[in-house]
Amino acid sequence: MNDTRSRDDLLAGAIFVALGGAFAYTASTYDVGTLRAMGPGYFPLALGLVLAALGVVIMAIGLYRRRGSGAMAPAPASAPASGPRSVSGPQPVAPDRGTAEVDAEVDAQVDATGGTEPDTGADERGSVPWGRAALLLGAILFFGATIGGLGVAPALLVTILLAALAGHGTTWRTAAIISVGLTALCVVIFVLLLQLRLPIIGPWLGG
Amino acid sequence: MDWSNLLLGVQTALTPTNLLVCLIGVALGTAVGVLPGIGPTATIALLLPITFNFDPVASLIMLAGIYYGAQYGGSTTAILLNLPGETSAAVTAIDGYQMARQGRAGHALAAAALGSFFAGTVATVVLAVFAPPLAEAALKFGPAEYFSLVVLGLVASIALASGSVWKALAMIVLGLLLGMVGQDVQTGTPRFTFGQRELYGGLNFVSLAVGMFGVAEIIKNLEQRRNRPASVHEVTSLRLSKRDLRTISGPVLRGTGLGSLLGILPGGGHVLASFTSYSVEKRVSKTPRRFGRGAIEGVAAPESANNAAAQTSFIPLLTLGLPAHPVMALLVGAFIIQGITPGPNVINSEPVLFWGLIASMWVGNVMLVMLNLPLIGLWVKMLSIPYRILFPAIIAFSAIGCYSLGLNAYHVYAIAFFAALGYVLIKLGCEPAPLLLGFVLGPLLEENLRRAMTISRGDASVFVTRPISLTLLLLAVAALAVAVLPSIRRKRETVFQEETD
């Protein structure tokens, strides 16, 4: 359990370091200014650095998890009384980890009964549905790219078709039916009832 | 209090025309709040040109109705689908959706409706009684105070994160950074736009919310072949047990109070109100572990808070002419279309408008309770639609809705971007809610920081030398400590537990 958690931490931390660094770097190319007269780059630069720093912290936590018990976490806790511990048997939780990580672990262990767990992802090991996600995201991107040119109806037909195909066990036929039905519904709601100024058939198709 | 004014207001609100437009407004608002991807902002913007033909009172009653009606609707989808239709509903989704999964959707909806109604009633009275003096108090807030207030709000949101405090902090900062994409308000410099003109206006909040909370959830649901749990279909009863009513009475009162106060302060008061109210309830509760797993207080309190705040956020608009948030800014436009200059004079020069609007808010709340509780069956029927039809519909509505905000394809692309980012981060144990808050409050934070620094000529101590600002910052530190402390306390118990294994 610790391994997947630590992998999550390492990855998340790495992402934050990368994003923070990217933001900070880009921000530094803008006019940073001074504390008294902050330029557009000042705040983003500072925030980017903070994010990268937080990312490092999270990665460090991930590394300590991987090493198992006895590690000292960089938290503002009182000085630990114990020195290094041997990794054996049930892992005692190091008393000087001052984060809410422990909470999550305890909750997962203790609350096996009653109530529903909110999906924080780290507890669930479903595999990433690459294909389905690609269909969904592709559908959305398709819509954005073609709505202006194709118009609401054709764009929606394809978009919904693609999205519907991402469903488990949805056949082409079912997807097509869903597509036609939902397209009609959307046209009624958005164009007729809400009076959105969108052409039902767009310029590419001669609308 | 001036009873004659209130009477005038009630008379105005109860004319047949105004009753009708109020009904249209709240019904439309609920519907729009329920539909993901389109919110009150878009709807109000679309209807502004139409209100040109209405008289001022009627048009404002309707637009206002859309706004707080959407709060009700947004919380409905938050509870039933874990899709917050409105930012402030994001908090309701936390426990509300869990309650729905446990088959208690009806209770959650009823708690939300009753809490909102109570809060709406109280807030209307607050509006009527305290409008002038309250605006006076808010005038004392300078940029330093606003900065500290936003810091407090952001820190308070960490209390919501069930995962690591560090990850929550990182999400907040990431949200802040994402909020900076676009043209810098103060200098006009485009930031993080990489030459794309379409990004000058910044990343779209609706795209972010819909992507991270909606589409990411869909991807998550598609991980495994499974049907939605049958329990979600049964909304057994809307009647809250006496115990439930007693449980929510405290949270509703606290939420109403908190919301009424926070709504007045410009800058997304109702969002801050619901987030803060949730963390307050979690702190105050004797069983904080239940939060996040279907605690009814976690629904009642934020709902009361955000409804109270939604109504009291009219105060700066009606007394100072200051928009507290984007919807209010649109309403300023509505005033102007009608030839009325919003400002302190409105109370005196347009008493019919002022008091009529206030009275109509209470009427609107009554209508909403009547609409929502019986019609809950309708909303719940939505859930018995097979998921394979529902999720493409969500995708379609989101795409059209976001596109309709400015006819900008980039808003649609942004949905996909945030969905991917959101899914990855959620899988890695990072909560999206703090990111959302950071995104919304980021620009405000930066603007006030810069202003405070300009005014103090670079003297950073201004945040701690000004008393109000200092108090707020201390509260933020306290909130952070409190968020961290229980875990220190609790893991001592864990050590004992594991050692006796």
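Just so it is clear, the model here is predicted, and its values are computed rather than measured. Chain letters run A, B, ... following the sequence lines, proteins first, then strands; residues in each count from 1. Any value given below was found using the heavy atoms of this structure, including those in side chains, with hydrogens, waters and symmetry copies removed.
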request  = Would you mind checking which part of A:F23 comes under 4.5 Å of any heavy atom in chain B, side chain (CB onward), backbone (N, CA, C, O), both or neither?
outcome  = both
key: Nearest-0.5 Å distance that lies between atom SG in B:C430 and atom CG in A:D8   = 8.5 Å
ask   = chain B: which of A:A53, A:A166, A:A133 shares the most heavy-atom pairs with it under 4.5 Å?
value = A:A166
key: Closest non-hydrogen atom pair, B:R388 against A:H168   = NH2-O, 4.0 Å
query = Which atoms form the tightest heavy-atom contact between B:P392 and A:A164, and what is the distance?
reply = CG-CA, 3.7 Å
task = Would you mind reporting whether B:Y413 and A:I140 have side-chain heavy atoms less than 4.5 Å apart?
result = no
key: Over all atoms of both residues, closest heavy-atom pair of A:G148 and B:Y403   = CA-OH, 3.9 Å
key: Close side-chain approach of B:I400 and A:L156, heavy atoms under 4.5 Å   = yes
ask   = Who wins among A:G167, A:G144, A:G33, A:G138 for the most heavy-atom pairs under 4.5 Å with chain B?
value = A:G144
query = Any side-chain heavy atom of B:V412 sitting closer than 4.5 Å to one from A:I147?
reply = no
query = Quick one: what part of A:L47 sits under 4.5 Å from any heavy atom of chain B, side chain, backbone, both or neither?
reply = both
ask   = What is the minimum heavy-atom distance between A:V128 and B:Y423, and which atoms define it?
value = CA-OH, 3.7 Å
key: Close side-chain approach of B:L425 and A:F16, heavy atoms under 4.5 Å   = yes
query = So, B:R450 side chain and A:G39 main chain: donor-acceptor pair closer than 3.5 Å or not?
reply = yes
Heavy-atom side-chain contact between A:P129 and B:K220 under 4.5 Å = no
request  = Please look at B:T187 and chain A and tell me whether the side chain, the backbone, both or neither of the residue comes under 4.5 angstrom of a heavy atom of that chain.
outcome  = side chain
query = Non-hydrogen atoms of chain B under 4.5 Å away: do they reach the side chain of A:L141, the backbone, both or neither?
reply = both
message = Can you confirm whether A:I58 sits close enough to B:K167 that some side-chain heavy atom of one is under 4.5 Å from a side-chain heavy atom of the other?
response = yes
query = So which part of A:A175 gets closer than 4.5 Å to some heavy atom of chain B, the side chain, the backbone, both or neither?
reply = neither
inquiry  = Please classify the contact between B:Y410 and chain A as side chain, backbone, both or neither, with a heavy-atom cut-off of under 4.5 Å.
reply    = neither
request  = List the steps and the verdict of side-chain contact (heavy atoms from CB on, under 4.5 Å) for B:L445 and A:F43.
outcome  = CA-CA 10 Å; B:L445 194 69; A:F43 203 46; 3.8 Å; yes
inquiry  = Apply side-chain contact (heavy atoms from CB on, under 4.5 Å) to residues A:L136 and B:I218 and explain how you reach the verdict.
reply    = CA-CA 9 Å; A:L136 280 182; B:I218 294 178; 3.6 Å; yes
message = Give me the atom names and distance for the closest heavy-atom approach of A:A163 to B:F391.
response = O-CE1, 3.1 Å
message = Any non-hydrogen side-chain atom of A:I160 less than 4.5 Å from a side-chain atom of B:I395?
response = no
B:I219, part contacting chain A, at a heavy-atom distance under 4.5 Å = both
query = Can you find a heavy atom in the side chain of B:K427 that is under 4.5 Å from one in the side chain of A:L11?
reply = no
message = Donor-acceptor check, side chain of B:R191 to backbone of A:P40, threshold 3.5 angstrom: yes or no?
response = yes
key: Under 4.5 Å from a heavy atom of chain B, the part of A:A145 involved   = both
message = Whether the side chain of A:Y30 engages the backbone of B:F192 through a donor-acceptor N/O pair (distance < 3.5 Å, no angle test) should be reported.
response = yes
query = Contact part of A:L19 toward chain B, heavy-atom cut-off under 4.5 Å: side chain, backbone, both or neither?
reply = side chain
inquiry  = Please classify the contact of A:A155 with chain B as side chain, backbone, both or neither, using a heavy-atom distance under 4.5 Å.
reply    = neither
query = What heavy-atom pair brings B:A420 and A:L137 nearest, and what distance separates the two atoms?
reply = CB-CD1, 4.0 Å
